[in-house]
Participant: 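Before I ask anything, let me first share the structure, which is written out below as structure tokens.
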Amino acid sequence: QAQLVESGGGLVQTGGSLRLSCAASSRTFSMTFMGWFRQAPGNEREFVAVISSDGGHTYHADSVRGRFTISRDNAKNTMYLQMNSLKPEDTAVYYCAAGRGTLWMSGSYYSRVANYDYWGQGTQVTVSS
């Protein structure tokens, strides 16, 4: 069973950058697609980005495209989210998630919470104005 641990969150000013990391314990890390979601108080969990098992495909939500970049290093069992040009509306708890599967599906498939099998505990990102 995969265990996911996020790190790298914190407080940053508008326009700043942060890089989140998600370390996975499972030896099957390279066989899972990985995603980032976020949840602000009072809101539903929102899809941010996803990356295929081999790193060859990525898909980003419209709200972060061009500012955030998802990547992974299968040799280190770690996924990343580079966040640039941060805005106050990016403030949320960020969660990493993993789902079993190596066949790349449509972007909308990965935006659904139910399609992920494992979740981390989350890391807080706060962007001050």
Side-chain angles (χ1 to χ4, degrees):
Q1 186 170 353
Q3 290 184 324
L4 306 175
V5 179
E6 304 95 336
S7 61
L11 174 64
V12 64
Q13 292 186 333
T14 297
S17 298
L18 283 174
R19 189 176 81 154
L20 305 183
S21 297
C22 173
S25 62
S26 173
R27 288 176 291 179
T28 60
F29 176 77
S30 63
M31 298 177 65
T32 63
F33 59 87
M34 302 285 295
W36 287 100
F37 286 74
R38 65 187 182 185
Q39 189 167 20
N43 290 356
E44 294 186 352
R45 195 163 293 191
E46 174 191 19
F47 169 77
V48 175
V50 63
I51 188 166
S52 60
S53 57
D54 64 356
H57 299 276
T58 62
Y59 178 70
H60 296 76
D62 290 343
S63 59
V64 306
R65 190 170 296 127
R67 300 187 298 122
F68 293 8
T69 302
I70 190 171
S71 63
R72 67 190 292 165
D73 185 340
N74 284 355
K76 296 181 178 179
N77 281 6
T78 303
M79 176 182 65
Y80 306 96
L81 184 68
Q82 178 66 43
M83 304 187 296
N84 298 329
S85 301
L86 283 160
K87 306 174 182 180
E89 51 263 44
D90 294 319
T91 295
V93 176
Y94 283 70
Y95 298 90
C96 72
R100 292 182 291 265
T102 58
L103 181 64
W104 184 247
M105 310 290 283
S106 66
S108 61
Y109 174 88
Y110 299 108
S111 67
R112 301 186 193 112
V113 170
N115 289 333
Y116 292 80
D117 302 293
Y118 308 106
W119 292 85
Q121 294 300 307
T123 185
Q124 176 70 46
V125 171
T126 303
V127 185
S128 63
S129 56

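Quick caveat: nothing in here was measured; it's all calculated off a predicted structure.
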Participant: Classify the ring geometry between H57 and W104 as parallel (under 30°), tilted (30 to 60°) or perpendicular (over 60°).
Facilitator: parallel

Participant: Identify the heavy atoms of V125 and G9 that sit nearest to each other, and give their distance.
Facilitator: CG2-CA, 4.1 Å

Participant: Step by step, would you call E46 with S63 a side chain to side chain contact (heavy atoms under 4.5 Å, CB included)?
Facilitator: CA-CA 10 Å; E46 174 191 19; S63 59; 3.7 Å; yes

Participant: Got a sec, which pairs hit disulfide (SG to SG under 2.5 Å) with one end in residues 99-129, sequence neighbours left out?
Facilitator: none

Participant: If you look at every heavy atom in M83 and L86, which pair is closest and at what distance?
Facilitator: CB-CD2, 3.9 Å

Participant: Can you see which heavy atom on R67 is nearest to which on S85, and at what distance?
Facilitator: NH1-O, 3.0 Å

Participant: Can you get from Y94 to Y80 by hopping between Ile, Leu, Val, Met, Phe, Trp and Tyr side chains that sit under 4.5 Å apart?
Facilitator: no

Participant: What pair of heavy atoms forms the shortest contact from Y116 to G99, and how long is it?
Facilitator: CD2-N, 4.2 Å

Participant: What pairs meet the side chain to side chain donor-acceptor pair (under 3.5 Å) rule with one or both residues in residues 3-20, with sequence neighbours excluded?
Facilitator: S17-N84

Participant: Do V93 and V48 sit in one hydrophobic cluster, given that two such residues count as connected whenever their side-chain heavy atoms are within less than 4.5 Å of each other, even indirectly?
Facilitator: no

Participant: Given the ring of F29, does R72 sit roughly above its face, with NZ or CZ under 6.0 Å from the centre of the six-membered ring and within 45° of the axis?
Facilitator: yes

Participant: Any donor-acceptor pair under 3.5 Å linking the side chain of S53 with the backbone of M31?
Facilitator: no

Participant: Mind checking the OG1-NE2 spacing from T69 to H60? Nearest 0.5 Å is all I need.
Facilitator: 5.0 Å

Participant: Please round to the nearest 0.5 Å and tell me the distance separating atom CE of M34 and atom OH of Y110.
Facilitator: 13.0 Å

Participant: For the atom pair OG1 (T123) and CG (L81), what is the distance rounded to the nearest 0.5 Å?
Facilitator: 11.0 Å

Participant: Which pairs, with at least one residue in residues 18-128 and sequence neighbours excluded, count as a disulfide (SG to SG under 2.5 Å)?
Facilitator: C22-C96

Participant: Among pairs that include at least one residue of residues 26-66, which meet disulfide (SG to SG under 2.5 Å), considering only residues two or more places apart or in two chains?
Facilitator: none

Participant: Determine whether M79 and I70 satisfy the following criterion, side chain to side chain contact (heavy atoms under 4.5 Å, CB included), listing intermediate values before the conclusion.
Facilitator: CA-CA 7 Å; M79 176 182 65; I70 190 171; 3.8 Å; yes

Participant: Please tell me if the side chains of V113 and F37 come closer than 4.5 Å, counting only heavy atoms from C-beta onward.
Facilitator: yes

Participant: Carefully, step by step, assess V50 and F33 under the rule side chain to side chain contact (heavy atoms under 4.5 Å, CB included).
Facilitator: CA-CA 7 Å; V50 63; F33 59 87; 4.1 Å; yes

Participant: Quick one: list whatever passes ring-ring contact (aromatic ring centres under 6.0 Å, His included) with Y59, sequence neighbours left out.
Facilitator: F47

Participant: Taking K87 first and then D90, would you say they form a salt bridge - that is, a charged N and a carboxylate O separated by under 4.0 Å?
Facilitator: no

Participant: Rounded to the nearest 0.5 Å, how far does CZ of R100 lie from CG of D117?
Facilitator: 4.0 Å

Participant: Compare every heavy atom of A92 with every heavy atom of R38, then report the nearest pair and how far apart it is.
Facilitator: CB-CB, 3.8 Å

Participant: Side-chain contact, heavy-atom cut-off 4.5 Å: Q82 with L18?
Facilitator: no

Participant: I'd like to check the salt bridge (Lys or Arg N to Asp or Glu O under 4.0 Å) partners of D73; sequence neighbours left out, ordered by chain and number.
Facilitator: none

Participant: When rounded to the nearest 0.5 angstrom, what is the spacing between CH2 in W36 and CZ in F68?
Facilitator: 11.0 Å

Participant: Under the 3.5 angstrom rule, does the side chain of T78 hit a backbone N or O of K76 as a donor-acceptor pair?
Facilitator: yes

Participant: Nearest 0.5 Å, please: how far is OH in Y118 from CG in L4?
Facilitator: 9.5 Å

